[in-house]
Each structure stands twice: as C-alpha cells, then as structure tokens.
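First the structure, in the form of structure tokens, and then the observations on it.
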Amino acid sequence: MQPAAEGTGIIAGGAARAVFDVVGVTNVLAKTIGPTNPYNVVRATLNGLLKQCAPADIAAKRGKSVEEILG
C-alpha cells in the first residue's frame, strides 16, 4: 500500500478495494503479492492500515519536526 496522488482513486484488486471503500480511503495504490484468498487479503489490508503511523509520531521518534519529515 502507498498513498497516491490526489484524484487517482483506489487502485487495488477485489477484497482490498472493498476494504478501502468501507474505510473511506480515496487515493491509494495497493498490490497483493502471493495468495489472493479474499479472507487473507482483508486481514492483511486491515493490519496494514492499523499499523500506519502519523507523521507526528515518526517525527517524535526521530527527534525532528513534522516539517523536516514531510519535506
């Protein structure tokens, strides 16, 4: 999963697309590598979304400001 440019929409297959629709993610690129069992794809997508960190969290861990992290 990675963020996409504004206006790109959801570029993902099957079960991952459904998860992004329900969650409200609008611009994302995603690729399923390996088995494409829908149950496992949904679990992996949800786990990936739950493990994402906010820029403020990453900046605090690195001892930098948010502006330095985002560029």
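Owing to the predicted nature of the structure, the values given are computational and were not obtained by experimental measurement.
- Summarising the geometry, atom OG1 belonging to Thr45 is positioned 11.5 Å from atom CZ belonging to Arg43; distances are rounded to the nearest 0.5 Å.
- A donor-acceptor pair under 3.5 Å is formed between the side chain of Arg17 and the backbone N or O of Ile10.
- Listed for the Asn27 side chain is no donor-acceptor partner under 3.5 Å among the backbone atoms of Glu6.
- Contact record, Leu49 with Met1: N-CE, 3.8 Å, taken as the closest heavy-atom pair.
- One distance of note links CD1 of Ile69 with CG of Asp57; it measures 11.0 Å at 0.5 Å rounding.
- In plain terms, the two heavy atoms of Ala56 and Val66 that are nearest each other are CA-CG2, 3.9 Å.
- When all heavy atoms of Ala15 and Pro38 are compared, the pair lying nearest together is CB-O, 3.9 Å.
- Lys61 has its side chain out of reach of Ile58: every pair of non-hydrogen atoms, C-beta onward, lies at least 4.5 Å apart.
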Stepwise side chain to side chain contact (heavy atoms under 4.5 Å, CB included) test for Val28 and Ile11
CA-CA 6 Å; Val28 66; Ile11 299 177; over 6 Å; no

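- With a 4.5 Å cut-off on side-chain heavy atoms, Phe20 and Thr26 do not count as touching.
- Across all their heavy atoms, Ala16 and Val41 have their closest contact at N-CG1, 3.8 Å.
- Residues Leu50 and Gln52 are not in side-chain contact: their nearest non-hydrogen atoms beyond the backbone lie 4.5 Å or more apart.
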